[in-house]
A.B. asks: 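The structure under discussion is supplied below as structure tokens; questions concerning it will follow.
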Protein chains: 2
Amino acid sequence: MSFHNGFFHHNLQFSRSFTKKLNEQLAKVDLFHSQWLIVYYLNQFGCSTLVEISNYLDVEKPTVTRTVNRLEERDLIEQIPGKDKRERRIQLTESGVKTFQEAKKVVEEFEHQLMSGLAEEELEVTQRTLNFLKEKLKQS
Amino acid sequence: MSFHNGFFHHNLQFSRSFTKKLNEQLAKVDLFHSQWLIVYYLNQFGCSTLVEISNYLDVEKPTVTRTVNRLEERDLIEQIPGKDKRERRIQLTESGVKTFQEAKKVVEEFEHQLMSGLAEEELEVTQRTLNFLKEKLKQS
DNA sequence: ATTGTATAGTTACCTAGGTAACTACTTTGC
DNA sequence: GCAAAGTAGTTACCTAGGTAACTATACAAT
């Protein structure tokens, strides 16, 4: 199997298309998908450091720094003083929680619509395959 | 099913990880993966316009313009005069064909290594699922 | 033939990912 | 207790995707 008109090519196209459409939807609540990922994480896990976010999302630290700065400028997150002076511990503000709740509805509806018509079994196989490939990439 | 610890999140992580590793491999022949996509296309379909490339790769025109400019600066492609003065018809140079051949080996080895251990059937289901989702995104 | 519309490509500017190199702080080892 | 190593985060700069608005050319309709 060749790269083109093949598996990986389509997967990349799907990913691009997906984030594009998700950004369109999230524009309703004035968020970008990268911001949504961090807002979601903070809502679920509470107060965190940038490294924790970086590890969870599997995104490099400079990228996290930039997105977190944007969220802070918009007062969706706030800093918490901590013991370790190197760390930047952040959490959602009240406004951030509110935005999360609005965004959650938008994302869930978007996902639900996209998923409808897909067999549960096919989804499982796909997820297992992608995880297999992801793990294999980590090793190499 | 929720977005996080869910299907789409993992798919995006996989895509990022994949392009990252592919770029590492393609560095051997001094190419980036976006350049490789265009070089591959030109080798397969011959002399083309930027719009044709844009449609095939499902990437917006400005992005294609930029990547093509890089390829031209490196003398991997050359312009061909045509009837329609709006068009920019390009093809691989001799050096471009040579680079394609070298890159092809690198990419094929990378893909083959990644694919090994995956059942043919699982791969088919995965590809079908991704295509289904991709088509659904186009409609929405 | 002229006028309006469609198309090819570019420019400017935005988000989003990456690496390399750096600062500031913490921890560890002797 | 001090020097070395490790860690958190930032800065600068690169590729790579996107949109909006623009120019220049081609085509179509009246």
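Atoms considered below: every heavy atom in the structure, side chains included; atoms not considered: hydrogens, waters and symmetry mates. A note on names: the letters A, B, ... follow the listed sequences, proteins ahead of strands, and every chain is numbered from 1.
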A.B. asks: Assess the residue pair B:Asn11 and B:Leu130 against the criterion (side chain to side chain contact (heavy atoms under 4.5 Å, CB included)); give the C-alpha distance rounded to whole Å, side-chain angles, the decisive distance to 0.1 Å, and a yes or no.
C.D. replies: CA-CA 10 Å; B:Asn11 189 28; B:Leu130 290 178; 4.3 Å; yes
A.B. asks: Taking a hydrophobic cluster as the set of Ile, Leu, Val, Met, Phe, Trp and Tyr residues connected by side-chain heavy atoms closer than 4.5 Å, whether directly or through intermediates, do A:Val51 and A:Ile53 fall within one such cluster?
C.D. replies: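 Different clusters: A:Val51 never reaches A:Ile53 through Ile, Leu, Val, Met, Phe, Trp or Tyr contacts under 4.5 Å.
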A.B. asks: Scan for ring pair (Phe, Tyr, Trp, His ring centres under 6.0 Å) pairs involving residues 58-97 of chain B, sequence neighbours excluded, and state none if there are none.
C.D. replies: none
A.B. asks: Other than B:Val125, which residues form its hydrophobic cluster under the rule that side-chain heavy atoms must be closer than 4.5 Å?
C.D. replies: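 B:Val125 shares its hydrophobic cluster with A:Val125.
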A.B. asks: For A:Glu52 and A:Lys20, take the nucleotide of DNA chain D holding the closest heavy atom to each; which residue's nucleotide lies nearer the 5' end?
C.D. replies: A:Glu52
A.B. asks: Could you check B:Ser34 against A:Glu24 and say which one's nearest nucleotide on DNA chain D is further toward the 5' end?
C.D. replies: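 Between the two, 5'-proximity favours B:Ser34.
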A.B. asks: Under 4.0 Å from any atom of DNA chain C, heavy atoms only: list the residues of residues 81-91 of chain A that qualify, in numerical order.
C.D. replies: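 Nucleic-acid contacts, sorted: A:Lys83, A:Asp84, A:Lys85, A:Arg86.
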A.B. asks: Are the side chains of B:Val39 and B:Leu92 in contact, using a 4.5 Å heavy-atom criterion?
C.D. replies: yes
A.B. asks: Name all pairs fulfilling the salt bridge (charged side-chain N to carboxylate O under 4.0 Å, His left out) condition that reach into residues 126-140 of chain B, sequence neighbours left out, sorted by first residue then second.
C.D. replies: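 Salt bridge (charged side-chain N to carboxylate O under 4.0 Å, His left out) check on residues 126-140 of chain B returns A:Glu122-B:Arg128, B:Glu135-B:Lys138.
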A.B. asks: Partners of B:Thr129 by side-chain hydrogen bond (donor to acceptor under 3.5 Å, both in side chains), sequence neighbours excluded?
C.D. replies: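 Partners of B:Thr129 by the side-chain hydrogen bond (donor to acceptor under 3.5 Å, both in side chains) criterion, ordered by chain and then number, come out as A:Thr126.
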A.B. asks: Mind running a 4.0 Å heavy-atom check of residues 61-73 of chain B against DNA chain C and sending the residues that fall below it, in number order?
C.D. replies: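 Within residues 61-73 of chain B, the residues near DNA chain C are B:Lys61, B:Pro62, B:Thr65.
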A.B. asks: Can you run down the salt bridge (charged side-chain N to carboxylate O under 4.0 Å, His left out) pairs that involve residues 90-107 of chain A, sequence neighbours left out, and say none if there aren't any?
C.D. replies: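 Non-adjacent pairs meeting salt bridge (charged side-chain N to carboxylate O under 4.0 Å, His left out): A:Lys104-A:Glu108.
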A.B. asks: Under 4.0 Å from any heavy atom of chain B: name the first and the last nucleotide of DNA chain D that qualifies, 5' to 3'.
C.D. replies: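 On DNA chain D, the outermost contacted nucleotides are D:dT15 to D:dA26.
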A.B. asks: Just grab all the ring pair (Phe, Tyr, Trp, His ring centres under 6.0 Å) pairs involving residues 120-140 of chain A, residues at least two apart or on different chains.
C.D. replies: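 Listed once each, the pairs would be none.
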A.B. asks: Are A:Glu72 and A:Arg88 within salt-bridge range, i.e. N to O under 4.0 Å?
C.D. replies: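 Looking at A:Glu72 and A:Arg88, the cut-off is met.
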A.B. asks: Write out all pairs satisfying ring pair (Phe, Tyr, Trp, His ring centres under 6.0 Å) with one or both partners inside residues 69-112 of chain A, taking only residues at least two apart or from two chains.
C.D. replies: A:Phe18-A:Phe110, A:Trp36-A:Phe100
A.B. asks: Indicate, with a heavy-atom threshold strictly under 4.0 Å, whether B:Thr19 touches base, sugar-phosphate, or nothing.
C.D. replies: nothing
A.B. asks: Which pairs count as salt bridge (charged side-chain N to carboxylate O under 4.0 Å, His left out) when at least one residue sits in residues 32-58 of chain A, sequence neighbours excluded?
C.D. replies: none
A.B. asks: Where along residues 95-102 of chain A does a heavy atom come under 4.0 Å from DNA chain D, residue by residue in number order?
C.D. replies: none
A.B. asks: Given 3.5 Å as the limit, does a donor-acceptor pair link the side chain of B:Thr93 with the main chain of B:Leu76, or not?
C.D. replies: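 Yes, because the side chain of B:Thr93 sits within donor-acceptor range (under 3.5 Å) of the backbone of B:Leu76.
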